S.K.: 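Following this message is one structure expressed as structure tokens.
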Amino acid sequence: MDQHATENTSAAARRREARIAKGYSLEDLAVATGLTVEEITAAEESLQLVPQHHLDRIDHVIAYGR
């Protein structure tokens, strides 16, 4: 069973800010993570139910690059 995380405003906002600071567009991050733009957008919006493995993939690419 997949684990899901409900993103709070500050975590979602920090994820979006980090993506932008690293110079990734939504499309760039989608390619790098294998996720869709919609899945990444959900991870950047507060109070969204997002699978934990999506958050892990996004955070890994933002932290370490492709």
Side-chain angles (χ1 to χ4, degrees):
M1 183 171 172
D2 286 338
Q3 290 185 332
H4 290 83
T6 302
E7 284 290 291
N8 65 38
T9 303
S10 60
R14 282 194 307 268
R15 185 170 289 109
R16 182 178 185 280
E17 290 168 5
R19 173 183 58 81
I20 292 168
K22 291 282 186 161
Y24 285 109
S25 68
L26 287 169
E27 292 80 9
D28 293 336
L29 194 55
V31 170
T33 61
L35 299 173
T36 66
V37 169
E38 292 79 14
E39 290 167 330
I40 295 166
T41 300
E44 293 182 354
E45 294 176 355
S46 61
L47 304 177
Q48 294 295 311
L49 189 61
V50 180
Q52 185 62 48
H53 68 276
H54 288 190
L55 301 176
D56 295 342
R57 289 164 77 174
I58 293 166
D59 293 344
H60 179 82
V61 169
I62 290 172
Y64 302 108
R66 299 174 186 197

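Predicted model only: the values in this text are computed from it and were never measured.
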S.K.: Excluding sequence neighbours, so at least two apart, what forms side chain to side chain contact (heavy atoms under 4.5 Å, CB included) with E38?
M.R.: T36
S.K.: Just verifying a value: how many Å separate T33 OG1 and H60 NE2, rounded to the nearest 0.5 Å?
M.R.: 11.0 Å
S.K.: Considering only Ile, Leu, Val, Met, Phe, Trp and Tyr, and joining two whenever side-chain heavy atoms are under 4.5 Å apart, list the other residues clustered with L29.
M.R.: Y24, L26, L35, V37, I40, I58, V61, I62
S.K.: If I compare all heavy atoms of A12 with all of S46, which pair ends up nearest, and what's the gap?
M.R.: CB-N, 3.9 Å
S.K.: I'd like to check the salt bridge (charged side-chain N to carboxylate O under 4.0 Å, His left out) partners of R19; sequence neighbours left out, ordered by chain and number.
M.R.: E44
S.K.: Could I get the full list of side chain to side chain contact (heavy atoms under 4.5 Å, CB included) partners for V31, not counting sequence neighbours?
M.R.: none
S.K.: Hey, what do you get for CD (E39) to CZ (R57), rounding to the nearest 0.5 Å?
M.R.: 8.0 Å
S.K.: Quick one: salt bridge (charged side-chain N to carboxylate O under 4.0 Å, His left out) pairs with a partner in residues 21-31, sequence neighbours left out?
M.R.: none
